[in-house]
Amino acid sequence: MGGTQIADLLLPGVEVRVDQLVLTDTEARVAVRSRAAAAACSGCGQRSSKVHCYYKRTLADRPVAGRRVRIELRARRLVCGNEDCARRTFAEQIPALTRRHARRTEALTAHLTDVALFLGGRPGSRLFQRMAIDTCKDTLLRLIRALPLPSSGLVPQPGVDEFAVRRGRTYATILIDMATHRPIDVLADRAAATFASWLRDHPEVRIICRDRAGSFRDGAQDGAPQARQVADTWHLLNNLAQAIERIISRHRADLRQPLTTHDGRTDDDPTPEGHGHTELDIHGRPRPLVAHTRERHQQIHERIARGDSLRAIARDLQLSRGTVNRFALAEEVDELLVAAVNRPTVRHPVSSSEPR
């Protein structure tokens, strides 16, 4: 079989000539060179056939019959004949085979990218080990990141919410197309100005589905005053569940039937620590915050009974003066438990103008 026929078999659609083919038990090495008489300069595009020098490039290709394929290309560096071009010489690139600085063929890169999109980094690398292709998870992830982002098009009904990049420190914003339920963009922070700037770039927005954070409310009013703001279902149900839990916690003594806990006991039965139903939440689970409040109240009042000052108690227990004073003024721990089990959210406060 001639070199041209071998090239058409191994590298269909690529303008190269095979000079040598070496087969081993695990690898196929193919020595090739370009068949083109001239090549276009990468700087100005003018074609040149004047050879400056030759050099060797090694490319990995898709495996054949369980063997790794290594292409040894006799590449050319050509002289650009355009005096106005900034490049004196340029390296020849063979269409559908090579790119600048690439060590894989275009076909192998496309194959790696397809598998990375389906499986991800680590599972994809394990699969390629069985397919006689040398790669790693980081390479597959870089191929995914290099892909161009698809255009979201018009988004008349976006959904917006925040997520933690580093919980308690760094937050970002994700935008969802509520018609397709697919992500369309990620903003660097959760500030109102950032969200408003995105909305100004999308004047087609008519409905904004969001949570009840004040920053998203202000950003929507500033960036898309024509849009209607609605609360998403999850946050409505979550707010409802929290409100019901607070109400039931305040009126547990009025319940006609005792609630059964997760271990089969009722609220009238003592807990393992010897406390009553105030140690349990609406689901019958122990409340660590309540137990901690009881313990701290007992410690502070024992120190007060011994004659210790509030300043000394705060220093020894590593508490603020205000906290110690609040516990000292509460004769009964039940006065503190109401606040302990019904704490307001630490997120943005809800204004009276928010939708209910």
Side-chain angles (χ1 to χ4, degrees), residues 45 99 106 109-124 137-244 344-356:
R99 288 185 306 174
E106 293 292 313
T109 300
H111 185 49
L112 295 177
T113 304
D114 290 341
V115 174
L117 287 173
F118 279 102
L119 299 181
R122 199 179 302 274
K137 62 179 182 63
D138 294 329
T139 297
L140 298 180
L141 295 178
R142 281 195 297 269
L143 291 175
I144 295 177
R145 295 190 185 101
L147 293 174
L149 295 176
S151 175
S152 59
L154 298 179
V155 188
Q157 301 178 9
V160 58
D161 201 356
E162 64 182 16
F163 66 94
V165 178
R166 187 178 180 186
R167 187 172 299 278
R169 294 175 177 266
T170 307
Y171 289 84
T173 300
I174 186 170
L175 293 152
I176 305 293
D177 187 350
M178 300 306 296
T180 61
H181 301 284
R182 299 180 66 88
I184 54 177
D185 207 346
V186 175
L187 307 183
D189 53 42
R190 57 179 179 180
T194 305
F195 183 42
S197 177
W198 186 91
L199 290 174
R200 295 190 193 98
D201 296 335
H202 296 78
E204 75 278 4
V205 173
R206 292 294 175 266
I207 299 177
I208 300 175
C209 183
R210 63 174 182 83
D211 68 0
R212 304 176 70 180
S215 60
F216 295 146
R217 176 199 59 207
D218 298 339
Q221 292 175 350
D222 187 19
Q226 78 284 356
R228 178 185 178 187
Q229 301 182 40
V230 298
D232 65 88
T233 306
W234 187 91
H235 284 91
L236 284 177
L237 294 177
N238 184 60
N239 295 152
L240 176 61
Q242 292 176 351
I244 293 175
T345 176
V346 296
R347 291 217 35 214
H348 307 287
V350 179
S351 66
S352 58
S353 61
E354 284 293 304
R356 297 295 180 182

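With hydrogens and angles ignored, the 3.5 Å screen pairs a side-chain donor or acceptor of E204 with a backbone N or O of V155. With E162 contributing its side chain and D189 its backbone, the two residues share no donor-acceptor pair below 3.5 Å. Not a single donor-acceptor pair under 3.5 Å links the side chain of T170 to the backbone N or O of R166.
The distance from atom CG of L117 to atom CD1 of I144, rounded to the nearest 0.5 Å, is 5.0 Å. Separating the CD1 atom in I184 from the CE atom in M178 is a distance of 10.5 Å, to the nearest 0.5 Å. The line from CD of Q226 to CG of L199 is 8.0 Å long, rounded to the nearest 0.5 Å. Note: N239 CG to I244 CD1 = 11.0 Å, rounded to the nearest 0.5 Å. Atoms CG and NE2, from L175 and H202 in turn, are 8.5 Å apart once rounded to the nearest 0.5 Å.
Contact record, V205 with I208: CG1-CG1, 3.6 Å, taken as the closest heavy-atom pair. Smallest separation of non-hydrogen atoms from I207 and A227: N-CB, 4.3 Å. Here the closest non-hydrogen pair linking S215 and R190 is OG-O, 3.2 Å. In plain terms, the two heavy atoms of A231 and C209 that are nearest each other are C-SG, 4.4 Å. Contact record, L187 with W198: CD2-CD1, 3.9 Å, taken as the closest heavy-atom pair. Counting all heavy atoms, side chain and backbone alike, L119 lies closest to G124 at CB-N, 4.0 Å.
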- Query: After noting the C-alpha distance and the side-chain angles of L112 and L140, does the key distance pass the side chain to side chain contact (heavy atoms under 4.5 Å, CB included) rule?
  - Reply: CA-CA 7 Å; L112 295 177; L140 298 180; 4.1 Å; yes
- Please test W234 against D161 for side chain to side chain contact (heavy atoms under 4.5 Å, CB included), starting from the C-alpha separation and ending with a verdict. CA-CA 11 Å; W234 187 91; D161 201 356; 5.9 Å; no
- Item | side chain to side chain donor-acceptor pair (under 3.5 Å) assessment of R210 paired with Q229 | CA-CA 7 Å; R210 63 174 182 83; Q229 301 182 40; 2.6 Å; yes
- Given the rule in the side chain to side chain contact (heavy atoms under 4.5 Å, CB included) test, do T233 and L237 qualify, once you have shown the distances and angles that lead to the verdict? CA-CA 6 Å; T233 306; L237 294 177; 4.0 Å; yes
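A ring-centre distance under 6.0 Å is found for F195 and F216.
Under 3.5 Å, the side chains of R206 and Q157 contain no donor-acceptor pair of N or O atoms. Side-chain atoms of H235 and D232 form a donor-acceptor pair, as typed in the model, at a separation below 3.5 Å.
Looking only at side-chain heavy atoms (C-beta outward), V160 and T173 come within less than 4.5 Å of each other.
For the salt bridge (Lys or Arg N to Asp or Glu O under 4.0 Å) test, residues two or more places apart in sequence or in another chain that qualify with R99 are E106. For S197, there are no side chain to side chain donor-acceptor pair (under 3.5 Å) partners two or more places apart in sequence or in a different chain.
Atom CZ of R200 has more than 12 neighbouring heavy atoms from other residues, nucleotides or ligands inside a 6.0 Å radius.
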